[in-house]
Protein chains: 2
Amino acid sequence: MARTGRPRGFDRDAAIEGAMRLFWHHGYDGTSLDRLRRGMGGISSASFYAAFGSKAALYREALDRYLASHGRVVAPLHDESLPPRERIFETLKRSARMQADTTHPTGCLVTLSALLGGDEDDAVRALTAKERASNRNRIRRCVEQAVTAGELSGLTNVEGLASLLDGILLGLSIQARDGVPSQVLTAAIETADALWNANRAR
Amino acid sequence: MARTGRPRGFDRDAAIEGAMRLFWHHGYDGTSLDRLRRGMGGISSASFYAAFGSKAALYREALDRYLASHGRVVAPLHDESLPPRERIFETLKRSARMQADTTHPTGCLVTLSALLGGDEDDAVRALTAKERASNRNRIRRCVEQAVTAGELSGLTNVEGLASLLDGILLGLSIQARDGVPSQVLTAAIETADALWNANRAR
DNA sequence: CGACTTATGGATCGATTATTCCAGATGATG
DNA sequence: CATCATCTGGAATAATCGATCCATAAGTCG
């Protein structure tokens with residue numbers, strides 16, 4: 001598997017990192033090839049297509065990079081060894097803190113970067129929509145488990161409570177993008193604890 | 001104020017309505033002049049600019065149209081004669097119902113249509129950002145009033161609870177756009193009542 | 001009817017979009 | 001050193017973007 005031919009003149013990894021930030025900030029449609037190439041270290045058009053294939057293919061890689069880095073704040077939601085309540089609220093807390101951090105674009109790339117647009121980018125939008133649906137399902141199953149385990153009341157409206165918690169998670173992105181500061185978002189999540197407690201079995 | 005000259009060949013009002021739906025569905029950037037003109041009744045380029053001035057100016061009119069029609073679901077939030085709790089939850093209930101209605105684009109135009117994009121449309125984005133900030137402030141003042149009136153506990157984290165409620169409102173848009181059905185969103189809002197009750201003064 | 005005002009169809013504008021092409025550069029391999 | 005594979009700078013592609021121009025149409029008004 002020898003690597004022959006002229007070596008790449010730029011850091012592919014750093015280029016993806018730069019692309020991720022641009023997509024995160026301006027969205028898929030709002031990030032032009034021109035801006036992309038400049039933000040990836042000033043690479044040429046030929047280099048871009050040789051290395052990444054297309055804008056959509058790069059977006060896919062940038063999304064993966066996000067999920068493997070900043071997007072890991074939802075890891076507790078994926079950890080089935082944690083109690084349901086902790087899975088949800090730890091995810092919310094970490095999301096609030098990360099999304100309001102101004103050392104990178106605010107809000108969540110999955111929520112913001114490919115939400116609307118023309119009909120031609122349906123496939124791109126489907127990528128993030130799938131992630132959001134996955135989170136939604138995981139939240140719902142947490143609530144279901146808590147009811148089954150007797151932690152939450154059997155009278156709990158599972159779909160409703162799950163949707164509310166999912167909505168809170170999604171709403172963080174828009175608030176963060178609107179400049180709502182970190183401590184306010186964190187306080188909001190702490191306030192949300194009341195939702196769980198109000199539905200506890202007694 | 002006599003009206004001279006050749007009369008307009010299309011219904012300006014219906015054209016704005018069509019534009020509003022397109023901006024609502026595809027966002028500001030995602031709606032091209034071409035699609036716009038077709039969706040406004042097949043008017044010509046010259047007619048478009050004679051009647052509306054520019055794409056941005058039309059968006060402004062479409063936004064106003066939205067605020068005066070479907071956007072009126074937030075009217076309770078503006079009605080200072082209502083008790084704070086009712087102002088907030090009536091707004092949430094109406095928003096959930098309206099935004100999940102599939103007879104028009106799902107979600108909220110103010111929340112979705114001008115959220116991201118290139119640097120050139122800052123002015124357009126500011127229009128909806130201003131509306132969202134206004135709603136945020138109104139929600140916060142409702143919570144403040146409820147605390148002052150002794151309805152909510154003096155220990156309530158006002159900023160936190162307000163942000164949480166605002167986040168729920170904003171999150172509805174993304175959930176609705178993701179296809180979450182009306183009854184689920186409505187159930188979510190009903191569940192949110194617990195937030196208010198948990199903070200009641202005792 | 002003629003003067004005036006506004007709207008329209010349709011071509012056209014320059015700028016920007018994502019993408020491709022080509023000639024030359026730069027390495028590894030035999 | 002010659003061959004081969006890959007990458008690179010930069011020009012060029014067709015399509016689309018928002019916007020403008022112009023000749024003509026269709027009204028009102030004197």
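Computed from a prediction, not measured in an experiment: that's the story for all the values here. Naming convention: chains lettered A, B, ... in sequence-line order (proteins, then strands); numbering from 1 in each chain.
- Of the N and O atoms on the side chains of N197(B) and R200(B), at least one donor lies less than 3.5 Å from an acceptor on the other residue.
- Between D11(B) atom CG and dA7(C) atom C1' there is a gap of 15 Å when expressed in whole angstrom units.
- Where F48(A) and D34(B) each meet DNA chain D at their nearest nucleotide, the meeting point lying more 5' is that of F48(A).
- Regarding D29(A), its CG atom lies at a distance of 14 Å from the C1' atom of dT16(C), rounded to whole Å.
- Atom CG in L36(A) sits about 8 Å away from atom P in dA18(C), given to the nearest Å.
- The nearest whole Å value for the distance from the CG atom in L58(A) to the C1' atom in dA18(C) is 13 Å.
- Here S47(B) reaches the OP1 or OP2 of dT8(C): one of its side-chain N or O atoms lies under 4.0 Å away.
- Between R138(A) and D79(A) there is no salt bridge, since no side-chain nitrogen of the basic residue lies less than 4.0 Å from a carboxylate oxygen of the acidic one.
- Nearer the 5' end of DNA chain D, as judged by each residue's closest nucleotide, is the contact made by R37(B), out of P7(B) and R37(B).
- No engagement by F52(B) is indicated, since no non-hydrogen atom pair under 4.0 Å with the nucleic acid exists.
- R8(B) has a side-chain polar atom (N or O) that falls below the 4.0 Å cut-off from OP1 or OP2 of dA7(C).
- The NZ-C1' distance, from K55(A) to dT20(C), rounds to 17 Å in whole Å.
- Ion pairing between a basic and an acidic side chain is recognised when a charged N comes within 4.0 Å of a carboxylate O; E17(A) and R65(A) show such pairing.
- A donor and an acceptor atom sit less than 3.5 Å apart, one in the side chain of S45(B) and one in the base of dT20(D).
- OP1 or OP2 of dC17(D) has at least one side-chain nitrogen or oxygen of S32(B) nearer than 4.0 Å.
- Phosphate proximity of dA19(D) to Y49(B): present, with a side-chain N or O under 4.0 Å from OP1 or OP2.
- The side-chain tip of K55(A) points at the ring of Y28(A) from less than 6.0 angstrom away and within 45° of straight on.
- Heavy atoms of S44(B) sit under 4.0 angstrom from at least one base atom.
- A salt bridge links D34(B) with R38(B); the closest basic N to acidic carboxylate O contact falls under 4.0 Å.
- Between F10(A) atom CZ and dT6(D) atom P the separation is 15 Å, expressed in whole Å.
- Computed from coordinates, the M40(A) CE to dT8(D) C1' distance equals 15 Å when rounded to whole Å.
- Between the C1' atom of dT8(C) and the CZ atom of R6(B) lies a distance of 5 Å, rounded to the nearest Å.
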